[in-house]
Amino acid sequence: MKQKNADKPNQYPEYDQLHLPTIEKEILKWWEENKVFEQSVNTRPDNKRFVFYEGPPSANGKPGIHHVMSRTIKDLFCRFKTLQGYRVERKAGWDTHGLPVELGVEKQLGITKADIGTKITVAEYNKLCREDVMKFTDIWNDLTRKMGYWVDMDNPYITYENNYIESLWALLKMLYDKNLLYEGYTIQPYSPAAGTGLSSHELNQPGCYRNVKDVSAIAQFRLLQTSSEGGGLTAKIQEGVERGGSPFGGQGAGEVYFLAWTTTPWTLPSNTALAVGKDIEYVLVKTFNQFTHQLIHVILAKDLLNKYFPAENAELNFEEYNKGDKKIPFVVLQSFQGSELEGIRYEQLLPYAQPKDGDAFRVVLGDFVTTTDGTGIVHIAPSFGSDDFKVAKQNGIGSLTLVDRSGKFTDEVNDPVFPLQGRYVKEAYLTDAEKEQEFKLQHEILRTNNIIADLKSYMSVDDLIVLKLKLENKLFKTEKYEHNYPHCWRTDKPVIYYPLDSWFIRTTAIKDRLIELNKTINWKPAHTGEGRFGQWLENLVDWNLSRSRYWGTPLPIWTTEDGSETKCIGSIEELKKEIIKAVEVGVLAPHQIIFETENERTFFDDIKSKTSLSERLDSKFAELSLHKPYFDNIILSSDTGKPMKRVDDLIDVWFDSGAMPYAQWHYPFENIEKFQKNFPADFIAEGVDQTRGWFFTLHVLAVALFDSVAYKNVVSNGLLLDKAGNKMSKRLGNVIDPFDTIEKYSADATRWYMMRNSDPWENMKFDLNGLQDVIRSHFGTLYNTYGFFALYANIDSPQTPKGVFKDNSNYVELDRWILSKLNTLIKETTAFYEDYEPTKAARAIEKFVDDDLSNWYVRLNRRRFWKGEMSDDKQAAYDTLYHCLNTVAVLMSPISPFFSDWLYKNLKGKELSVHLEYLPTANEAFIDNDLEERMELAQRTCSLILSLRKKEKIKVRQPLMKVLIPVLNKKMKTQFSKVESYILSEVNVKAIEYVDDASGIVKKKIKPNFKELGKRAGAKMKAIQNAVMSFTSDDIATIEREQKYNLQLDGEVFVLLIGDVEILTEDIPGWLVASESGLTVALDVTITEELRQEGNAREFVNKVQNLRKDKDFQVLDRIKVSVVKNETLEKTLAIFKDYIANEILAKEIVLVDALSEFDEVELNEEILKVKVELN
RNA sequence: AGUCUCGUAGCUCAGGUGGUUAGAGCGUUACACUGAUAAUGUAAAGGUCCCCAGUUCGAGUCUGGGCGGGACUACCA
């Protein structure tokens, strides 16, 4: 910004107008030229560290305004700790792997995942990913600079670098050695047609979910009835059955079945459990099977009863039922809660195979069970549904996987009658020709087995199973059911859920420790740690690390074909050794080692000796990246000499970022000491969406590897929404560009607004109007306050205050007051920052600057600054104001680093920076609560008096004689007397008269002090309240005198203490009174002739001052004033001429008969003709 | 569906441990002030504290149930 007095180097700079973006550009340039960030780190000692971890952003997307939010939080606490003298090194980082990068490249090339390895080599593809991921780095760095986020961008950690990946391998190996890394399976979407698993992203491609019609079936699962076999509810069921008139326990008529619905009958052979809802009510119903017409008892959810049993059929007589009747009679015999059904055993529906482990064929509780569809009882096939898998695992139930990876039934599904073995479970997997051939076969088999004489068309596996169930009295109902079903985006064929091999980190093994250590972490807000994160840990499942993609860290695990032997490689060195060993053993031919080109083959083909192989590997590894495909073909030798292939998977990118405390230093290969000094972090901060992301993976790895937390304090900020509360999205066009915002409104205002508006963990509605307010009200006020200081300091040239004052005893009340406030502010702000409460800190600073410093201290002190020559009192005023401004600059510097530095430089010198300062400590001796209290009393009193003036329409400029203030006690009077002068001058009244009891004119009012009295009175409260409210003034006098009062309540005596009541003054009969929270003032509004003259004088001064200003006179210019004769003014001048002349710096005031040139001014309804000229 | 969270003035937000007139700023309206002047002050209007029930002498605050917004996680037999 342009400095007005730049030619006067010894002065405080003065400026025309505040423009924050300009300030920021200047300051930024200065920071960079002087390496202020580096200095702010290097000037702090190595042995006093505050460790911060930067959560790596992905540079393949552009930064948004929400990044300004989270980075402001990171930056401000690092800056705060620097002020406290800590050394805060901040290493930047980039997250470079993962699906978004791959998808971006695929889109750019117009290819799909299937084309990788065919249309484009994996090596080329990964090269493109590598280039692409860093494409917005410059934009990110630019934002980092412009928003004033101090982080070391020159030495970032980058997750795709070999050193980083090698560290990851070392960590994986550590986990492997601790038996925390294992191979298992999860139920994932799988496309048998493509032979590959699908990610949830792939499943969410448009068009993948389609409405299809499938055969659905409600199967009957027969309850095992003897008490030795069944669960606890047998007796209740038996009672119900017998009440219905059937014998329980026998075969036939007394059988009881669970009804369970499925849209995938092909999973029924793999059924191993049934799930019911704990709080769902179930009923036992007696009826007939519609296909076999046998008498049956079935159990289903009560809510769904009438879906299958029309209410009117309850009237039907069982005796009159004939086979084939459309209307089937039923009767409800019993009802129970789902929880009562738990543990009951049933007969396996289709016993083709038995699960190898676990205790199957029981009823379990599942919280996913609903009564919106089906029967309220869910068929569980753990291999083909992830809910199923989870609930089975929780309940120790084994699984059956009677479908192979090509989507066909296994050989175990060997049915003597129905052709199921080796058949595709989905009709869609068959070609028309296959279907035709299969149809012929089915026709023949069903005919010879006397099931269907002349089959008309192909029957799907689902159809066959339904038919089989029907014949065996195991089917309750079947129908075509239309539902949304996922399809493979590549083959268009339906997807099935299928158990797929994966590598896991056994987080469940360290669950207790994860929970325990989490309790030592300081979460902001606390509920994210206890609630969201805590719940997540309580319900922990093992971390599935496997990803079948291309651009990422390869899982360094090799296994033998049969999976009996595995090896985890923890370093490049180890890999080289294993390669050499493999070549020696003979499982790996040199030409297989690496890689893709003919050149490389010959390169390794002519290996003659071990030494040369080792050397060549060294040179090769030096130039290769540790990504696919370079290890895919390497075959290692197991300990028993068997060949081992690498597991094809990559690892979850969250492992990459969770490992940054170690991998950023290439630990454990280098920098071991550096790592130790920087672990764990004192502080991290990210969006709340990282709770299950980065926050989680950091925690898991730290606990698993080092039995430590990874971070001690964590701030998770909420979402940034548009001003209407909608999520910002390109589609809605409500995205706010961070660069535009900074350019137009400045980074400081943005940062300040974000921090002061609401706690960062709340979702924030971002409104540009809010920025405007912040600039005007906060920065504008502070800027004006500085401007005021500079304006007068440049005239008076006070001594530059040095250091901190030790003594304020000679200072006037107002100075001591603002210094008291200031020291309170230092204390509070420090505590807020230390507690990671930036909003409270910002608001406290804002209140101090706007309310206390500007609107009270400066306003009341203005006269002191422009009146007279330099004096001790003036010096005290300058010292005080300077000290306040300087301290505010330091306190606010973490949040708004630019403006605070600008302010600091203006005050202390251009060569200094606030960011190299140290945080001031509060001087307790300066904090005076009584003083703060009485100043507040003064403010409230002024406010009341001004409101009275207002009511009476008496200008403040019109002096008044006196104001009456009732005081309740001595302390109040003392308090008032010390601030009396401020009140009088602020409200332009000549005297305060204090009235107390003795005066007899104050009317008192009493009411219970509920908080105090409530403790003792309890239920008597109402009665006491009534009694107290009807106290006479004598009663009040009594309690004041005696300090207690014996209250008669229903014959009992209740001793009322003085502390149990509040006594207020509220009225002074005959006076103009205003009252608020126990403070009452009465104003004498009589305007005497003398007062009127004085008012006129002040009015005249005011008008002339306005003229001076209109004419652009300088503050110190002397003037001559001529006025056309006027009687009123003449009278006023007779008394107040000296006063007026002094105020307006007039050498002469003359009354003349006429003026050729003049201005008209209004003086209390009279028009004066006035000429003002320089003298 | 589960977990967490939020709901107070037109808007943005404060309101330890329950206490009787529920606050601030912005905005609106009116008035004032004027040696900080694109600054400042005062006042007015504006509230079923999301709803219902409970505990209590007393609930914005505690308990239960609902409604609505948001985030995350998962699923749809």
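Here is the naming used below: chain letters follow the sequence lines, and residue numbers restart at 1 for every chain.
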Considering only heavy side-chain atoms of Thr785(A), the closest of rC4(B), rA36(B), rU17(B) is rA36(B)
Between Phe865(A) and Phe788(A) (judged by ring centroids, cut-off 6.0 Å), do the two rings come close enough to count as a pair?
yes
Pairing partner of rA22(B), by Watson-Crick or G-U wobble and under 3.5 Å for both distances, is none
Rounded P spacing from rG25(B) to rA43(B) in Å:
10 Å
Within the 4.0 Å limit for protein heavy atoms, which parts of nucleotides 27-34 of chain B are touched? Write it as a string from 5' to 3', B for base, S for sugar-phosphate only, - for none.
S--BBSSS
Name all residues meeting the side-chain hydrogen bond (donor to acceptor under 3.5 Å, both in side chains) criterion together with Asp462(A); count only those two or more places apart in sequence or in a different chain, and write none if there are none.
none
Aromatic plane relationship, Phe533(A) with Trp523(A) - under 30° parallel, 30 to 60° tilted, over 60° perpendicular:
tilted
In Å, rounded to the nearest 0.5 Å, how long is the span from OH of Tyr308(A) to CG of Leu259(A)?
8.5 Å
Quantified in whole Å, what is the P atom distance between nucleotide rC49(B) and nucleotide rC62(B)?
16 Å
According to the Watson-Crick and G-U wobble definitions, with both distances under 3.5 Å, which nucleotide is paired to rU3(B)?
rA71(B)
Nucleic acid contacts of residues 839-857 of chain A, taken as heavy-atom distances under 4.0 Å to RNA chain B
Arg843(A), Ser854(A), Asn855(A)
With no hydrogens and no angle check, just 3.5 Å: does a side-chain donor-acceptor pair link Thr267(A) and Thr264(A)?
yes
Paired to rC62(B) by Watson-Crick or G-U wobble criteria (both distances under 3.5 Å) is rG54(B)
Gap separating the NE2 atom of His778(A) from the OH atom of Tyr783(A), nearest 0.5 angstrom
15.0 Å
Judged by each residue's nearest nucleotide on RNA chain B, which is more toward the 5′ side, Leu1013(A) or Asn757(A)?
Asn757(A)
Are side-chain heavy atoms of Thr941(A) and Tyr982(A) found at a separation under 4.5 Å?
no
Interatomic distance at P, rC52(B) relative to rA39(B), whole Å
45 Å
What's the closest nucleotide to the Ser943(A) side chain, out of rC4(B), rU42(B), rA74(B)?
rU42(B)
Check this for me, if you would: do Glu828(A) and Lys840(A) make a salt bridge, where the nitrogen-to-carboxylate-oxygen distance has to be below 4.0 angstrom?
no
Does rA32(B) pair with anything, Watson-Crick or G-U wobble, both distances under 3.5 Å, and if so, with which nucleotide?
rU40(B)
Side chain of Met1021(A) - closest among rU20(B), rA36(B), rC4(B):
rU20(B)
Among rG19(B), rA36(B), rC75(B), which is the nearest nucleotide to the side chain of Arg859(A)?
rA36(B)
Any-strand Watson-Crick or G-U partner of rG46(B), both distances under 3.5 Å
none
Quote, to the nearest angstrom, the C1' distance that separates rU3(B) from rU48(B).
32 Å
In whole Å, what separates the P atom of rG58(B) from that of rU20(B)?
15 Å
Distance between the P atoms of rC75(B) and rG69(B), in whole angstroms?
24 Å
Once salt bridge (charged side-chain N to carboxylate O under 4.0 Å, His left out) is applied, do any residues pair with Glu14(A), and if so which ones, sequence neighbours excluded?
none
Within this structure, what is the CZ-to-P distance between Phe384(A) and rC75(B), rounded to whole angstrom?
17 Å
For nucleotides 64-72 of chain B, 5' to 3', base contacts (B), sugar-phosphate-only contacts (S) and non-contacts (-) with protein non-hydrogen atoms under 4.0 Å give ------SBB
Go through the side-chain N and O atoms of Asn988(A) and Arg949(A) and say whether any donor and acceptor fall under 3.5 Å apart.
no
Considering only the C1' atoms, how many Å lie between rU21(B) and rC67(B), rounded to the nearest integer?
31 Å
Can Lys480(A) and Asp214(A) be counted as an ion pair, charged N to O under 4.0 angstrom?
no
Of Thr263(A) and Phe1010(A), the one whose closest nucleotide on RNA chain B sits nearer the 5' end is Phe1010(A)
Between Leu960(A) and Leu1083(A), is any pair of side-chain heavy atoms under 4.5 Å apart?
yes
Would you measure the distance from the P atom in rG19(B) across to the matching atom in rG60(B) and give it in whole Å?
10 Å
Check side chain to side chain contact (heavy atoms under 4.5 Å, CB included) between Asp542(A) and all other residues, then give those that pass, not counting sequence neighbours.
Tyr182(A), Phe504(A), Arg506(A), Thr507(A), Thr508(A)
